[in-house]
Amino acid sequence: MSASAALSVSKDFKLPIEGMTCASCVLRVEKALKALPGVESAAVNLATEEATVRASAALAADALAAAVRKAGYDVPTHRVELQVEGMTCASCVARVEKALLKVPGVSSASVNLATEKVRIEALGTVSFATLAAAIDKAGYAARPVAAPTSAAPARRLPEWWPVLAATLLTLPLVLPMLLQLFGIDWTPEGWVQLALATPVQFWLGARFYRAGWKAVKARAGNMDLLVALGTSAAYGLSVYLLWKHADHGMPHLYFEASAAVITLVLLGKWLETRAKRQTADAIRALNALRPTVARVLVDGTEVSTPVEQVAVGDLVLVRPGERIPVDGRIVDGRSHVNESLITGESLPVAKAAGDAVTGGSVNEEGVLQVRTGAIGAETTLARIIRMVESAQAAKAPIQRIVDRVSAVFVPVVLGIAALTFAGWLAWSGDWEQALISAVAVLVIACPCALGLATPTAIMAGTGVAARRGILIKDAEALEVAHSVTTVAFDKTGTLTEGKPALVAVEAADGVDERLVLQLAAALQKTSDHPLAHAVMEKAKADAVAVPEAREARALPGRGVEAAVDGRRLLLGSTRLMHESQAQPGALMESAQGLEGEGRSISWLLAPGDGAGQGARVLGLLAFGDTIKPASRAAVKRLRMLGIRTVMLTGDNHGSAQAVARELGIDEVRAELLPGGKAEIVQQLRAQGQVVAMVGDGLNDAPSLVAADVGLSMSTGTDVAMEAAGITLMRGDPRLVADAFDVSRRTYAKIKQGLFWAFAYNVLGIPLAAFGLLSPVIAGAAMAFSSVSVVANALTLRRWRGAATL
């Protein structure tokens, strides 16, 4: 092979490498790279920590990175997002992605036609200029996402003006067709038709020529090329016939076909753009929640400060009606806070000192002082926006099939149009009819709808889910969730409140239950133990007056002792009761029943006189983790969706079985370690089940990762949320069923969109080829296909979810 030929099939890769410390590292990396098939040379520079690799153009950058990582080093990657202008259909998507993947260092490129953005994963740093040049060579234009278009501020005319201008020029051309329905025979002079059609064709339709020419230069095809070829053929035929028959009366012309097709396509693109803009409403609504200014208290003085300059630990003042500018905790004040656009909770939530608040939520009434806990990109709102943007930019697995079809779609259509022309010419000898039928094929066969069906549905679905408190991390999680057959729940904090509550108070014979609660509360009044908090909350709820306790002391591992109203009392475990030689009598049977349900028992005792007399049992208190009020409804709804439920918990069998019986859960696995939960999830998947895991704690992370899709409660740990594909912004288990419901509806919209996109072409192309569709009708059908697919996806915005009813 000659040197010039070798250069034509090879390219240079620049790989940044982390972890090298000496010359032996260099040799090991070079050896690993050279071992790859297709690598011609590899040179590593230890000083710059960079490898220069000359390799076959067919070799993927990911293969080079994998070889380096296998040698024990790392290749850092970075993500770039660009706005791409000029894309019109699914074949454009394929061409942009293909062009970017040819750039050395680019490992992946994913284009979203609905947002007109491309997300690029690159090894090391690839400059914007390099990426933009590759996109430009493919026939499109790139700009940074954050930068506004230069034309936007200068625009003086509304976006719909080309549609209006084309309509006014086209109406006189199509009017004769309408008048014929009423028996009126009127047609404008041929030269008038030419004068009306020409500005539509070459002025308002110039965009199709420009984009089509770029596609031709890139040796590819797109929707614009089909429209340009089809309308030019109809326009050119009309000009030829007008010139040929200038002295012999006026022949039938096709100016109305070329002008009407361009007008209809412009109308369709305008409606499509408006509809696509609505799919991004969720992001705009979330961004609108970001306050720009915060009132920071400095030595008691209010200072209005840009939110970007607020520091963690600053004290922020929030007045009634204002949006809370930062994440933090209330240090002073009491109010109700509206968190509906963040958590999906429809009612304002009561907040007081010590409670956490989220930036972007609205302070309804009282003045609050908030200690800043997170700012900027670390706030909950910023993380929500990033997650929704990530999901909307991602490409669902089903879209990859569409992309493969779209890559060959335009060349196939051009071939069908050529065959249509040749077939009509051979069969009838009427080259006019042959050309018009070929034009109809070119016009109706637009792959726009194919490219829009998946991304618009995903954007609408993830957007409406975010508004209801369901954050879907990526499109793959959304697609998998629709097919879930089994849901595995963690118990504590997911189905239950995750904190102990006093569920029963029983008194011994001759003792009042209210007195038992009163004395127990006195003993626990100064304690920070979770069980003490449960006793105090119960006493407060029952309006029990709590007396003072003196000489209180803890009995490690057993309970507490104190004097109340001059009387010594003990409160503690069953072990403490036995050590005190107390006889529980009839209460023992009650205690055993409660323990069988997984309850923890504390005994209230009055010590004996020390002369061999045991303590007297005054009563018992039973503690349990209370079931969330919405858990029963959540499990019931999952059953209605045909989904089986399993509970995985580290708690004892008695407690687990009691919760499962009350909720109607199908299967229980108790006394599990975190690794055991993950093993059971894997076992269920091995049985052919599509498994979703729902959890909130650090110990749930392994099972969230092991499941087909993980759902994490935002009330849990950050680790659990990172491991999950879907985050539920409220600790409401009904959101689990809502997540599956919105996933099923979104996937149904994707399938409906793809069905209609394919159906338009499968039905329309043969009809056009056999001369049963005029170019005007074909143009209308093509425009309607894109608009209908996007409009169908937008119906998802009406979804509300049962957890918000």
Side-chain angles (χ1 to χ4, degrees), residues 329 353-355 492-493 496-508 511-585 587-588 590-592 594-626 650-652 654-655 697-699:
R329 288 194 176 274
D355 289 337
T492 306
T496 65
E497 297 289 356
K499 60 180 182 179
L502 182 57
V503 296
V505 177
E506 295 193 20
V511 181
D512 182 63
E513 284 186 8
R514 191 174 180 85
L515 176 62
V516 172
L517 178 58
Q518 185 180 49
L519 296 176
L523 289 168
Q524 299 282 32
K525 192 173 184 179
T526 59
S527 174
D528 285 329
H529 194 280
L531 296 183
H533 288 301
V535 172
M536 296 309 297
E537 286 179 8
K538 178 66 173 175
K540 183 178 179 181
D542 290 358
V544 171
V546 181
E548 291 295 325
R550 300 179 180 276
E551 302 175 12
R553 68 185 183 97
L555 305 173
R558 293 174 293 171
V560 65
E561 179 182 14
V564 180
D565 295 333
R567 181 185 184 187
R568 298 207 63 78
L569 297 172
L570 299 171
L571 179 67
S573 64
T574 301
R575 175 185 172 186
L576 177 63
M577 180 196 67
H578 290 315
E579 288 179 356
S580 302
Q581 300 179 357
Q583 297 299 321
L587 287 181
M588 194 62 189
S590 296
Q592 290 173 347
L594 290 167
E595 286 177 337
E597 296 175 3
R599 309 301 188 188
S600 298
I601 304 298
S602 289
W603 298 88
L604 180 63
L605 310 170
D609 58 9
Q613 183 179 354
R616 179 191 171 199
V617 174
L618 300 179
L620 66 79
L621 293 84
F623 299 89
D625 191 0
T626 57
D651 282 357
N652 62 71
S655 176
L698 179 64
N699 63 343

Heavy atoms, side chains only, cut-off 4.5 Å: are [X] and [Y] in contact?
X	Y	answer
Val511	Arg616	yes
Met577	Leu605	yes
Arg553	Val560	no
Leu594	Val503	no
Glu506	Leu587	yes
Arg514	Val544	yes
Ile601	Phe623	no
Leu620	Leu604	no

Mind checking the [atom1]-[atom2] spacing from [X] to [Y]? Nearest 0.5 Å is all I need.
X	Y	atom1	atom2	result
His578	Arg575	NE2	CZ	11.5 Å
Leu570	Leu618	CG	CG	9.5 Å
Ser602	Gln524	OG	CD	7.0 Å
Leu502	Met536	CG	CE	11.5 Å

Least distance between heavy atoms, [X] atom then [Y] atom:
X	Y	value
Leu621	Ala520	CD2-CB, 3.8 Å
Ala522	Pro547	CB-O, 3.4 Å
Ala534	Pro500	CB-O, 3.5 Å
Arg567	Ala606	NH2-CB, 4.4 Å

Does Lys538 form a side chain to side chain contact (heavy atoms under 4.5 Å, CB included) with Leu517? I'd like the steps, not just the answer.
CA-CA 8 Å; Lys538 178 66 173 175; Leu517 178 58; 3.9 Å; yes

Check for a donor-acceptor pair, side chain of Glu561 on one end and backbone N or O of Ala554 on the other, with a separation under 3.5 Å.
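Looks like no, no N/O pair under 3.5 Å.
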
Is there a donor-acceptor pair under 3.5 Å between the side chain of Arg550 and the backbone N or O of Gly566?
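Not confirmed, Arg550 side chain does not pair with Gly566 backbone.
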
Donor-acceptor side-chain pairing of Ser573 and Trp603 below 3.5 angstrom
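Judged by distance alone, the side chains do not pair up.
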
Got more than 12 heavy atoms from elsewhere within 6.0 Å of CD, Glu513?
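Yes, CD of Glu513 has more than 12 neighbouring heavy atoms, counting only those of other groups under 6.0 Å.
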
Identified side-chain contact (heavy atoms from CB on, under 4.5 Å) counterpart of Leu571 within the set Val516, Leu523, Leu531, Leu555
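Result: among Val516, Leu523, Leu531, Leu555, Leu523 is the only option passing the side-chain contact (heavy atoms from CB on, under 4.5 Å) with Leu571.
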
